Amino acid sequence: MKGFYDYSQIEEKWQKKWADEGLFKTDEQSDKENYYVLEMFPYPSGNLHMGHVRVYSIGDVIARFKNMKGYNVLHPMGWDAFGLPAENAAIKHGNVHPAEWTWANIDNMREQMKALGLSYDWDREVTTAYPDYYKWTQWFFIQMYKKGLAYKNKSAVNWCPGCETVLANEQVVNNQCERCDSEVDKKELEQWFFKITDYADRLIDDHQLLENWPEKVKTMQRNWIGRSEGMKIKFPVKGVDQELEVFTTRPDTIYGATYMVLAPEHPLVKELIDGTDKEEEVNEFINKVKKQKEMERTSPESEKDGIFTGGYAINPMTGKEIPIMIANYVLMGYGTGAIMAVPAHDQRDLDFAMKYDLPVTVVIQPDEQEEILSSEELAGEAYTGGGHLVNSADFDGLSVEEAFDKMAAEMEKKDIGNVEVNYRLRDWLISRQRYWGTPIPIVYCESCGPVAVPEDQLPVELPHDVEFSPTGESPLKNVEEFVNTECPECGGKAKREIDTMDTFVDSSWYFLRYIDPHNQELPFSKEMAEKWFPVSQYIGGVEHAILHLLYARFFTKVISDLGLTDEVEPFGNWLAQGMVLKDGTKMSKSKGNVVDPREILAKYGADTARLFILFASPPEKDLEWSEAGVEGSERFLNRVWRLVSEHIRGLKEIDFAKSDSSAIDVKSFNKEEKELYRQLHVTIKRVSEDIDERLNFNTAISAIMELTNAAYQYLNNLDADDINYPLFKLVIDKLLVLLSPFAPHMTAELWVELGNKGFVYEQPWPEYQESAMKKDEVTIVVQINGKVRDKVEVDAELSEEE
RNA sequence: GCCGGGGUGGCGGAAUUGGCAGACGCAUCGGACUUAAAAUCCGGUGGGUAUAUAUACCCGUGUCGGUUCGAGCCCGACCCCCGGCACCA
């Protein structure tokens, strides 16, 4: 036996053995309790990066631990294989097809995952770009189309000039494209949407089912959905047979609504100004606003600009005529694109009113204020606090809360307005003007209009030979044999939808395909869903907090409504793992601070790499890469290796299968032996709980290090003849089992070197004994006035002597 | 501005939830082995005061205050950092 851990000789050998034995295949017939552990699948970009190593190491520890704990574990892997980089590579290199590029990357990354020793059931591998997967993505689209949850609509959408495609709101960050950082434009286009807004309330309310999600992430989603309760109120427009609808969260302030403001894009603007002397002036203003960058226009710091339309509305409660303004600070995309301005109680409205000399009426004031406040007394500060109503006719004296209810009742009775909930969340725009994605299964018939492709004609296959250079329209446009088809309803001439789906659609249900990956009749069977769904533990980066995780939750609810599963949440437990940093920032090619996992694996081996990445930091925190830290992990593994190799002769003689645990006679232990035995049980408890309950792998590993130190400590004080080999062997065996999820290769090798039978991976997880953990100490509790004053621990032997 | 998370040695981080702050590791210093180096093993390492030494005592978890026999942890006020949303009506 070598005197050091030679990973290059060992790791590949074990990976091959595990594969040959089919060790990680999920047993469908097992009667053990099921456990489904899943890491977010990667986009096949070509090579694993350190972020991948981190997620997959975490998932692998959990999978191996749960297996040893006696669960029937499902631990699958797949590929989020559609996407822009494949197409961009094809354009850049000219002669490589996105499909070939993707398949080659997948092969590459699969090998790298195997080299890490990850315990996946590769028989369940899922690839979203294969027709047998995207057939079901299309199938879900059609089910949603039939239920009115997928619809086509013309509206102002986000356009990324870099990617030459539209984007969902969720993919726009600070008005930039989330993937290429180009400034996003607005374009008026007809596009496909999923009606995620129908699920807004459920997406918020069901957060209560997600007890183990980080509060931070629930908050992010809640902010994103942006639910606000208020009223829609109709204001008659003077001289036009129309009503102007506004949304407000403060109907209690309606008596203070002294003017109206429309977004420049509001349809009523045209009607108000057409043919009036204001027409030219107003249009000039609107053009000026349109030229403003989105960022400038929507920043709270920006100057509020506006103009009078010449029109008036009638405040339905006061009956007074109030001017209708247009201003850059009102947005068409939220509410109704029009507001009732209450300058006394909204800072934006007050700033605007002062600039354009509009009337201000105080209608709420603090309870301790007796005299009615004048607008001058506000001194430019809108009053947004609570209090009682004034200047509000019959409602005077009511509190803000009472006024809301009374006002709502009154307005509903008079049919002026109704209580409404508004969301910031927009419907999910899913069409993309790109090639490498799932075709949208819709056909446009000259006589029948848009028709869903019948289920028995799925999949609508993506054609292979296509000119991909982006033109702002889908490259499928020019593939005549794809585009020209016949109508499934009337058999007449028809054209196919040429846009493809956002790749986030593909990844919104992949976790359900793993549970039944070869099903030809359905995306998955309900029986399998009952067995495996929801995912027991999901692991992935927090950067998907809104995009992927919101979409996946939405899809699960839709799928549940379709009756395919009873579950409404896909991931009850989600571990949001942090990033891997170098020099304090995210690794990136442009910064030149990338550490390539391939180099680390070549230099230190998989066990060391895994151990370091799990030990350096708790999983949800960002992790600073440190070569010195990696060396520390290597040092520790070698310490364990030597613990065995230096005593291999004595250890090999102990065979628990023959002499069983009666060789361990706790009563006859001396002080040092007792201490080591105690340390063993303490370690078992700590490691088990750290993995199982807290997902704190860093502290689990430090506990194993302490046990290793304790073993060295024990040996240090002894001559070789005095070693209690049965005890020492027991400690080593258990130590290897505890360490095996973290360092699977080395522990596998040591396990057989010791002459033990079977794979260490298949050993039962050790149980700890409470009694073995007790220190030989007596606790003396000092009480004063019945309260515990002090606890003193005294060595039992000493106290007996006294 | 609103919402959420956080602040502990030179560094990454522990403290099993109110009970010996700094586990484990990195870095560093000293010792052993060696002709020497590497590797390895053993030991020191929050700050300070006293002592020849063993040791003893004081201070210390962003700041100030409170509750408690006892606070890194609970309460109040404030400062700073990170993340989300934001002219959202």
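Residue numbers begin at 1 in each chain, while the letters A, B, ... track the order of the sequences. Model, not experiment: these values are computed from the prediction.
- Nucleic acid contact class of A:S228 (heavy atoms, under 4.0 Å, all strands): sugar-phosphate only.
- Taking the six-membered ring wherever Trp is involved, the centroid distance between the rings of A:W641 and A:F4 does not fall below 6.0 Å.
- Using a 4.0 Å heavy-atom criterion, one finds that A:D305 contacts no nucleic acid atom at all.
- Counting non-hydrogen atoms under 4.0 angstrom, A:D346 reaches nothing in the nucleic acid.
- A:E634 comes within contact range of no nucleotide atom at all, as no heavy-atom separation falls under 4.0 Å.
- Geometrically, A:R250 does not engage A:F404 in a cation-pi contact defined by less than 6.0 Å to the ring centre and at most 45° from the axis.
- If you check every strand for non-hydrogen atoms under 4.0 Å, A:L331 touches a base.
- Looking at heavy-atom distances under 4.0 Å, A:G226 makes no contact with the nucleic acid at all.
- Across B:rC88, B:rG84, B:rG12, the shortest atom-to-atom separation from the side chain of A:M220 is found for B:rG84.
- Among the protein residues, A:R639 comes within range of the sugar-phosphate backbone only, with heavy atoms under 4.0 Å from sugar or phosphate atoms but none that close to a base.
- Distances from the side chain of A:N223 to the nucleotides B:rC85, B:rA14, B:rA89 place B:rC85 closest.
- Among the heavy atoms of the strands, none lies under 4.0 Å from A:P214.
- Nearest nucleotide to the A:T248 side chain, out of B:rA89, B:rG5, B:rC42: B:rA89.
- When distances run from any side-chain atom of A:T219 to the nucleotides B:rG12, B:rG4, B:rG13, the shortest one goes to B:rG4.
- Using a 4.0 Å heavy-atom cutoff across all strands shown, A:N709 reaches sugar-phosphate atoms only and no base atom.
- Checking the phosphate oxygens (OP1, OP2) of B:rC42, a side-chain nitrogen or oxygen of A:N716 falls inside 4.0 Å.
- Nearest-nucleotide positions on RNA chain B for A:V330 and A:Y712 put A:Y712 closer to the 5' end.
- Residue contacts shown for A:V217 are absent, as no nucleic acid heavy atom lies under 4.0 Å away.
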